[in-house]
There are 2 protein chains.
Amino acid sequence: MTREKDRYHHGDLRAALLAAAEAVLTETGVEGFSLRAVAKRVGVSHAAPAHHFGDVQGVLTALAAEGFRRFLAAMQARQAAITGGDAEALLVASGLGYLDFAEASPALFRLMFSSVRPREETPELSAAARDAFGHLAADVARLRGVSPFEDSAAMEDVMAAWAMVHGVAELFISGRLKPMQTMTRAEREATVASLLKRSLARAPGGTGQR
Amino acid sequence: MTREKDRYHHGDLRAALLAAAEAVLTETGVEGFSLRAVAKRVGVSHAAPAHHFGDVQGVLTALAAEGFRRFLAAMQARQAAITGGDAEALLVASGLGYLDFAEASPALFRLMFSSVRPREETPELSAAARDAFGHLAADVARLRGVSPFEDSAAMEDVMAAWAMVHGVAELFISGRLKPMQTMTRAEREATVASLLKRSLARAPGGTGQR
DNA sequence: CGAGCATCCTGACGCTGTCAACATGATCTT
DNA sequence: AAGATCATGTTGACAGCGTCAGGATGCTCG
């Protein structure tokens with residue numbers, strides 16, 4: 001079953017390249033990302049990555065896909081940390097996991113959500129993104145007792161919660177949410193929970209859309 | 001006082017470069033942005049932009065600053081279009097203007113909010129961004145009758161409304177808000193208004209932060 | 001043991017941003 | 001009016017970039 005180390009010329013170059021790529025991404029952002037810098041960091045020739053990922057877009061696509069998987073894991077981890085929570089508490093936990101990820105890996109977060117470089121149509125990436133979205137949808141389904149895909153009001157709940165937590169995440173890692181930057185961690189989480197609950201408060205009458 | 005046209009070699013190269021830069025940005029995104037492509041589009045040598053903007057970051061910074069000014073104008077335009085609206089209707093109008101801008105200039109929107117390339121500390125850029133934020137804060141101040149900078153509950157309202165509309169904008173231009181992509185313009189605006197009103201619904205008890 | 005193949009390297013191409021040196025033309029001083 | 005000065009724009013060079021073609025290396029399996 002082919003141990004990771006001591007085989008081939010390098011070992012497991014693909015994984016090593018991905019790790020180095022994330023490091024480069026973190027240091028330089030998507031805009032300054034360089035394939036040659038990744039190769040140099042691993043100590044391999046500048047053209048080696050092409051054999052595993054095709055081109056630079058391939059590397060960024062694989063990175064984004066792995067990002068979505070870890071993103072989902074961050075939400076699940078927050079949920080696993082609470083014991084006797086109701087459906088709303090579980091949804092709030094997902095939101096906090098959402099923010100955990102964005103805060104821990106802002107460059108990766110932006111690559112996933114605000115970049116045109118990864119190939120969106122790739123099966124691996126679109127599946128990983130769909131799973132992450134599905135997690136939020138499932139949270140709302142549990143809360144409302146109905147699938148968002150069959151109930152437009154529940155779908156509006158999904159959009160509301162998602163947009164709210166995503167907006168907070170984006171603005172926060174951009175340093176534009178000044179009031180939240182000065183809070184303690186506990187204060188911040190309480191505020192985020194409060195904001196998320198707002199997003200679940202259905203307006204009287206709702207949208208009126210089908 | 002030095003007319004814009006018919007002087008120097010080109011005329012008003014700075015403005016022409018900015019216009020070309022926005023076109024290139026729209027076509028290629030931040031990641032594929034090229035200073036030489038901008039120069040070529042204007043029909044000028046590849047090093048000409050340096051005299052007006054220093055380097056590529058200077059161009060993107062100026063572009064982002066102009067973006068924030070037009071961003072503010074889009075919010076004001078929506079407000080000017082309604083006649084007898086109350087404070088909440090005015091805030092919703094700002095939100096719709098927010099989305100107008102993001103939808104009309106997604107690449108510029110991302111440059112302003114999700115890129116590390118513009119120099120944030122530049123006076124021109126930070127002032128333009130501050131004005132845009134101030135507009136939202138003023139909307140909330142009118143709605144609540146108190147300045148968000150003196151009332152933490154009102155500041156939470158600002159964060160809520162901002163995060164909500166920003167999240168909607170980001171997810172929408174990324175094509176990730178599927179249910180909203182299939183709506184008519186009127187349906188979409190009604191949904192956004194509904195979501196924005198959610199963000200203004202204070203939870204019973206609030207956050208409890210100072 | 002040797003064929004085949006996945007893996008990795010070398011060298012080249014045109015592209016990029018930035019810099020230094022030079023040309024041009026408007027403005028200001030004397 | 002003439003010359004100096006400076007903003008404006010050009011040219012050429014440099015290293016770094018992504019990508020491709022071709023060659024080297026070493027594992028795997030017949």
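Chain letters run A, B, ... following the sequence lines, proteins first, then strands; residues in each count from 1.
- Protein atom NZ of Lys40(B) is 6 Å distant from nucleotide atom P of dT16(C), rounded to whole Å.
- With sequence neighbours excluded, no residue satisfies salt bridge (Lys or Arg N to Asp or Glu O under 4.0 Å) with Glu31(A).
- For the segment residues 54-64 of chain B, the set of residues with a heavy atom within less than 4.0 Å of an atom of DNA chain C comprises Asp55(B), Val56(B), in numerical order.
- Separating the CD atom of Glu31(B) from the P atom of dG17(C) is a distance of 14 Å, rounded to the nearest angstrom.
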Let me check something: any side-chain donor-acceptor pairs from residues 132-139 of chain B under 3.5 Å, sequence neighbours excluded? List them with distances.
unit_1    : atom_1 : unit_2    : atom_2 : d
His135(B) : NE2    : Gln79(B)  : OE1    : 3.4
His135(B) : NE2    : Ser94(B)  : OG     : 2.9
Asp139(B) : OD1    : Gln79(B)  : NE2    : 3.1
Asp139(B) : OD1    : Arg142(B) : NH2    : 2.7
Asp139(B) : OD2    : Gln79(B)  : NE2    : 3.3
Asp139(B) : OD2    : Ser94(B)  : OG     : 2.5

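- In this structure, CZ of Arg36(B) is placed 16 Å from P of dG16(D), rounded to the nearest angstrom.
- Under the side-chain hydrogen bond (donor to acceptor under 3.5 Å, both in side chains) criterion, Asp55(B) pairs with Arg119(B), not counting sequence neighbours.
- Against DNA chain C, the stretch residues 42-53 of chain A makes heavy-atom approaches under 4.0 Å through Val44(A), Ser45(A), His46(A), Ala47(A), Ala48(A), His51(A), His52(A).
- Evaluation of the side chain to side chain donor-acceptor pair (under 3.5 Å) test over residues 159-175 of chain A, restricted to residues two or more places apart or in two chains, returns Tyr98(A)-Trp162(A), Tyr98(A)-His166(A), Arg110(A)-Ser174(A), Ser114(A)-Glu170(A), Glu170(A)-Ser114(B).
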Solution key, residues 40-50 of chain A side-chain donor-acceptor pairs under 3.5 Å, sequence neighbours excluded:
unit_1   : atom_1 : unit_2   : atom_2 : d
Arg41(A) : NH2    : Glu27(A) : OE1    : 2.8
Arg41(A) : NH2    : Glu27(A) : OE2    : 2.8
Ser45(A) : OG     : Ala47(A) : N      : 3.4

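- Contact annotation: the side chain of Val38(B) approaches that of Phe33(B) to within less than 4.5 Å [non-hydrogen atoms, C-beta and beyond].
- For Ser34(B), a side-chain nitrogen or oxygen approaches OP1 or OP2 of dG17(C) to under 4.0 Å.
- Between the CG atom of Asp12(A) and the C1' atom of dA6(C) there is a distance of 14 Å, given to the nearest Å.
- Residues meeting the ring-ring contact (aromatic ring centres under 6.0 Å, His included) test with Phe68(A), sequence neighbours left out: Phe113(A).
- With sequence neighbours excluded, the residues forming a side-chain hydrogen bond (donor to acceptor under 3.5 Å, both in side chains) with Glu103(B) are Arg188(B), listed by chain and number.
- Checking Leu13(B) against Arg117(A), the closest nucleotide of DNA chain D that is more toward the 5' end is the one next to Leu13(B).
- Take Ser34(B) and apply the side-chain hydrogen bond (donor to acceptor under 3.5 Å, both in side chains) test, not counting sequence neighbours, and it matches no residue.
- Among dG17(C), dG18(D), dG9(D), the nucleotide with an atom closest to any side-chain atom of Leu35(A) is dG18(D).
- Contacts with DNA chain C (heavy atom under 4.0 Å) in residues 18-28 of chain A: none are found.
- Taking the charged nitrogens against the carboxylate oxygens, Asp157(A) and Arg198(B) do have a contact shorter than 4.0 Å, which makes a salt bridge.
- Residues satisfying the side-chain hydrogen bond (donor to acceptor under 3.5 Å, both in side chains) criterion with Arg69(A), sequence neighbours excluded, are Glu124(A).
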